[in-house]
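To start, the structure under review is shown below, and the notes come after it.
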Amino acid sequence: MSFIKVTLEDGFEVSFPAGITCQEVLQELKGRNTGAIAALIDGRESDLTTRLDESCRLEFIDFDSPRGARIYRHTASHILAQAVKRLYPGARLGIGPAIDTGFYYDFEFDEPISADDLDRIEKEMNRIIAEDLPLRRLEPSRREIKKVFSKENEPYKLELIEELPEDEIISCYQQGDFIDLCAGPHLTSTGRVNAIKLTGLAGAYWRGDERNPMLQRIYGTAFPTQDQLKEHLHRLEEARKRDHRKLGRELDLFSFQEEGPGFPFFHYPGLIVLQELTQFWREEHHRAGYEEIKTPIILNRQLWENSGHWEHFRENMYFTRIDEQDYAVKPMNCPGAMLVYRTRMHSYRDFPRRIAEMGLVHRHELSGTLHGLMRVRSFTQDDAHIFLLPDQVEAEIKGIIDLVERFYHIFGFKYRVELSTRPEKAMGSTEQWEKATAILKRVLGDREIDYRVNQGEGAFYGPKIDFHLRDCLGREWQCSTIQLDFQMPEKFDLTYIGEDGQRHRPVVIHRVIYGAMERFFALLIEHYAGAFPAWLAPVQVVVIPITERHHGYGRDIYRRLAGRFRVSIDERNEKVGYKIREAQLKKIPYMLIVGDREEESRRVAVRSREDGDLGPFAVDDFVRRLQQELEEKR
RNA sequence: GCCGACGUAGCUCAAUUGGCAGAGCAGCUGAUUUGUAAUCAGCAGGUUACCAGUUCAAGUCUGGUCGUCGGCUCCA
């Protein structure tokens, strides 16, 4: 018998007979990671049942690692598919991957199922778990496997097989009488899955293409214990309390009306937050060398034909007629900025010229995509168009990334970066696109920023770097974006006079930092759970007189603060506890309680939203404290 | 736009099999003058999203429209 050398995670080397399975190694090493659900053989994800024929490095992964959780839930998705096939033998299988917080599987049913059917399916899944069916990996030939899926009437699986490279080994996993095309790895048996829950039913186009038939997608999640599952569901419920749509109503920030779906109404408290965000933005942009402009919302058809929007963006635009001429409501701010640029001659010495605009744009988004303030049909972009020389591009993009990071740092946002490349419906030559894309890649590389390439998702005029933030339920939304554009300068015949006295074409960078004020606001609401830091809070201080006889002193305090802060006074005929509770629910950062003690000592009792009663303060001391807090944007 | 679900007072939610639309909070009025998260009492509040239909009778059943929610697609 030959022996192999297995090197473990901690560098420990053990000798085993060749052909031993990962699981057997694990048993030999009892006590070292008993929660293992899969193995990494020389870094390759593998089943615990995989045999080791050669010396290798071996690690075990458990549920607590992200890959472990994915493997665990992927097995859960197979259990879902098996349950569905038992209850609906005619159902055709789509795909069934694990996702961040669970898994899904797509099916085509003869008769659509409804949400009520999920209970039945979940029960069947639990039955399959109780049966503790072992999962076996099979590597049949292409012919055999096609035969199996033809017999099972699985057209979608056959389609997937057709598209696998000729030389690739195709693997399947079998549990009981259920077999699925799958790269694996998987748990050793269905009984290893402990706590499952089906969480939703939705439509999903086959392979994400709206020209394909719509399948029914069942979402679920799975955990090693019922407690973990319960905790996960509880967390979800807590997260829902931060939902900006709920808090927006409760805090009177904004509303939506049936009279204008997707067009937000901002109420005074919400508008204050937007105004503060805008003011901060102005200060930062002034410092960073931007000028600000404002351009019209409605411009004529010829402009939009010239810019390419008429051809490339028409289905998202709103139109109107004025004096028997066609006009469009702007879906982007760029053409306006181009017109402003063209109003005078430029020298290369003017560059980079940074023209910013808080521009209100309107886009006709599909009704099904509207989502609170996150996706609306009219929104304000904190836009800027930067006109520069080709060799200034790299440094400028670095500067913009600095600005983005400065903003996100203030709010404490974590983000994810994507690079989007040439879409199908693009203007300009492939060479131009490649050149532009290479510049963006280089900047990201130099800054050591992790990013994902999003093939074919660029704007129609150029590639872009996008920054994504997460909402309370973990959904990602694009906010900042930096887009290179070699097309608009052509279309608008933009020029500058170079060192050589000749006319040249400038490059344009489009960029937004917040992205859309509406979306950023929504993310902020969820990020802070409605409890805005004092500099953003609609009301920063509320004066609470204890009884009517303290109203006079309360008003003195109110008047002393009113010029400097956003302050209100609660003179209602209620008990202090009631007024405090209400201020707390409105998430007002500071409450100043004034009664006999305070009036006599000419002080105020300060209560903070976060830390409760802070005790008596001289008014000037409180003013200094709050002023500093506002300056630091804490 | 597509798939599924939902739509009752400002908000959160009730209303057996189709049988007089109700509660809490908020609002208003009055009493109470209050010390760090809800004082008490009374009053008012509705074309049950909208439009048709079935029925002696529709919040409830059927069809359509609009909107919202969860996804898909799309995107700031």
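Taking side-chain N and O atoms only, Tyr578(A) has no distance below 4.0 Å to OP1 or OP2 of rC40(B). Within the 4.0 Å cut-off from OP1 or OP2 of rG1(B), at least one side-chain nitrogen or oxygen of Ser367(A) is found. Contact annotation: His371(A) side-chain N/O to rG70(B) OP1/OP2 distance is under 4.0 Å. Phosphate contact (OP1/OP2 of rA76(B), side-chain N/O of Lys464(A), threshold under 4.0 Å): present.
Comparing the P positions of rA37(B) and rU17(B) gives an interatomic distance of 45 Å, to the nearest angstrom. On the P atoms, rU60(B) is 36 Å away from rU73(B), given to the nearest whole Å. Across rG4(B) and rU16(B), the matching C1' atoms stand 28 Å from one another, rounded to whole Å. Separating the C1' atom of rG30(B) from that of rA44(B) is a span of 14 Å, rounded to the nearest Å. The separation of rC20(B) from rA15(B), taken at their P atoms, amounts to 14 Å, rounded to a whole angstrom. Rounded to whole Å, the separation between the C1' atoms of rG46(B) and rC50(B) comes to 15 Å. With P as the reference atom, rC3(B) and rU65(B) are 12 Å apart, rounded to whole Å. Using atom P as the reference point in both rA76(B) and rU47(B), the two lie 42 Å apart (nearest Å).
For the ring pair (Phe, Tyr, Trp, His ring centres under 6.0 Å) test with Tyr514(A), the passing option among Phe407(A), Phe467(A), Tyr408(A) is Phe407(A); the others fail. Of the listed residues (Arg470(A), Glu405(A), Glu476(A)), just one forms a side chain to side chain contact (heavy atoms under 4.5 Å, CB included) with Tyr415(A), and that residue is Glu405(A).
No engagement by Glu315(A) is indicated, since no non-hydrogen atom pair under 4.0 Å with the nucleic acid exists. When heavy atoms are screened at a 4.0 angstrom cut-off, Met517(A) is found touching no nucleic acid atom at all. Tyr219(A) comes within 4.0 angstrom of the backbone, heavy atoms only, and of no base. Within 4.0 Å (heavy atoms only), Gly577(A) reaches sugar-phosphate atoms of the nucleic acid but no base atom. Using a 4.0 Å heavy-atom distance criterion, Asp596(A) is classed as a base contact. Within the nucleic acid shown, Ala583(A) has no heavy atom closer than 4.0 Å to any nucleic acid atom. Here Glu365(A) lies in heavy-atom contact (under 4.0 Å) with a base. Contact annotation for Val576(A): backbone-only contact, meaning every heavy-atom pair under 4.0 Å involves sugar-phosphate atoms and none involves a base. Note on Val361(A): nothing from the nucleic acid sits closer than 4.0 angstrom, heavy atoms only.
Residues forming a side chain to side chain contact (heavy atoms under 4.5 Å, CB included) with Thr380(A) (at least two apart in sequence, or on another chain): Met358(A), Leu360(A), Met517(A), Glu518(A). For Phe379(A), there are no ring pair (Phe, Tyr, Trp, His ring centres under 6.0 Å) partners, not counting sequence neighbours. Evaluation of the side chain to side chain contact (heavy atoms under 4.5 Å, CB included) rule for Arg475(A) yields Arg245(A), His371(A), Asp471(A), Leu473(A), Trp477(A) as partners, not counting sequence neighbours. With sequence neighbours excluded, the residues forming a side chain to side chain contact (heavy atoms under 4.5 Å, CB included) with Val539(A) are Ser568(A), Ile588(A), listed by chain and number. Contacts of His309(A) classified as ring pair (Phe, Tyr, Trp, His ring centres under 6.0 Å), with partners at least two apart in sequence or in another chain: Trp304(A), Phe460(A). Shown here are the side chain to side chain contact (heavy atoms under 4.5 Å, CB included) partners of Arg354(A), two or more places apart in sequence or in another chain: Tyr290(A), Pro352(A), Ile386(A), Glu396(A). For His385(A), the ring pair (Phe, Tyr, Trp, His ring centres under 6.0 Å) test picks out His510(A), with sequence neighbours left out. Partners of Tyr219(A) according to the ring pair (Phe, Tyr, Trp, His ring centres under 6.0 Å) rule, which considers only residues two or more places apart in sequence or in another chain, are Tyr104(A).
RNA chain B lies under 4.0 Å from at least one heavy atom of each of the following residues of residues 201-218 of chain A: Leu201(A), Ala202(A), Gly203(A), Ala204(A), Tyr205(A), Gly208(A), Glu210(A), Met214(A), Arg217(A). Only Arg245(A), Arg249(A), listed by number, bring a heavy atom of residues 244-253 of chain A to less than 4.0 angstrom from any atom of RNA chain B.
Residue-to-nucleotide proximity on RNA chain B shows that, of Pro261(A) and Glu582(A), the 5′-proximal contact is made by Glu582(A).
Figure legend. rA44(B) is base-paired to no nucleotide; pairs are counted as Watson-Crick or G-U wobble with both atom distances under 3.5 Å. Nucleotide rA21(B) forms no Watson-Crick or G-U wobble pair with any nucleotide shown, as no partner meets the under 3.5 Å limit on both distances. Summarising the base pairing, rU39(B) is matched to rA31(B) through a Watson-Crick or G-U wobble pair whose two defining distances lie under 3.5 Å. The nucleotide rC72(B) finds its pairing partner in rG1(B), both defining distances of the Watson-Crick or G-U wobble pair being shorter than 3.5 Å. Nucleotide rC61(B) forms a pair with rG53(B), judged by Watson-Crick or G-U wobble geometry with both contacts under 3.5 Å. Pair assignment for rA14(B): none, as no Watson-Crick or G-U wobble contacts are both less than 3.5 Å. With a 3.5 Å ceiling on both atom-pair distances, the Watson-Crick or G-U wobble partner of rG7(B) is rC66(B).
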N/O donor-acceptor pairs under 3.5 Å from side chains in residues 246-256 of chain A, not counting sequence neighbours:
from	atom 1	to	atom 2	distance (Å)
Lys246(A)	NZ	Glu250(A)	OE2	3.1
Asp252(A)	OD1	His267(A)	ND1	2.7
Ser255(A)	OG	Gln257(A)	NE2	2.9
Ser255(A)	OG	His267(A)	NE2	2.8

Reading nucleotides 44-51 of chain B 5' to 3', which nucleotides get B (base under 4.0 Å from a protein heavy atom), which S (sugar-phosphate only), which -? --------
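Figure legend: cation-pi geometry between Arg73(A) and Phe223(A), with NZ or CZ positioned under 6.0 Å from the six-membered ring centre and within 45° of its axis.
In the model, Tyr553(A) has no side-chain atom that pairs as donor or acceptor with a side-chain atom of Glu598(A) under 3.5 Å. Between the side chains of Glu457(A) and Thr421(A), not a single donor N or O lies within less than 3.5 Å of an accepting N or O.
Whole-Å rounding puts the Lys241(A) NZ to rC11(B) C1' distance at 16 Å.
Between rA37(B), rG35(B), rC74(B), one nucleotide has an atom nearer to the side chain of Leu585(A) than all others, and that is rA37(B). Comparing rG27(B), rA76(B), rU33(B) against the side chain of Arg572(A) picks out rG27(B) as the nearest. Relative to the side chain of Leu366(A), the nucleotides rG35(B), rG71(B), rG1(B) differ in distance, and rG1(B) lies closest. Closest approach to the Thr481(A) side chain among rA37(B), rG35(B), rA76(B) is made by rA76(B) (side chain taken as heavy atoms from C-beta onward). In this structure, of rC72(B), rA37(B), rG71(B), it is rG71(B) that holds the atom nearest to the side chain of Arg475(A).
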Please report the C-alpha distance between Glu108(A) and Tyr156(A) in whole Å, then the side-chain angles of each, then the deciding distance to 0.1 Å, and finally whether the side chain to side chain donor-acceptor pair (under 3.5 Å) criterion is met. CA-CA 9 Å; Glu108(A) 186 175 49; Tyr156(A) 298 109; 3.0 Å; yes
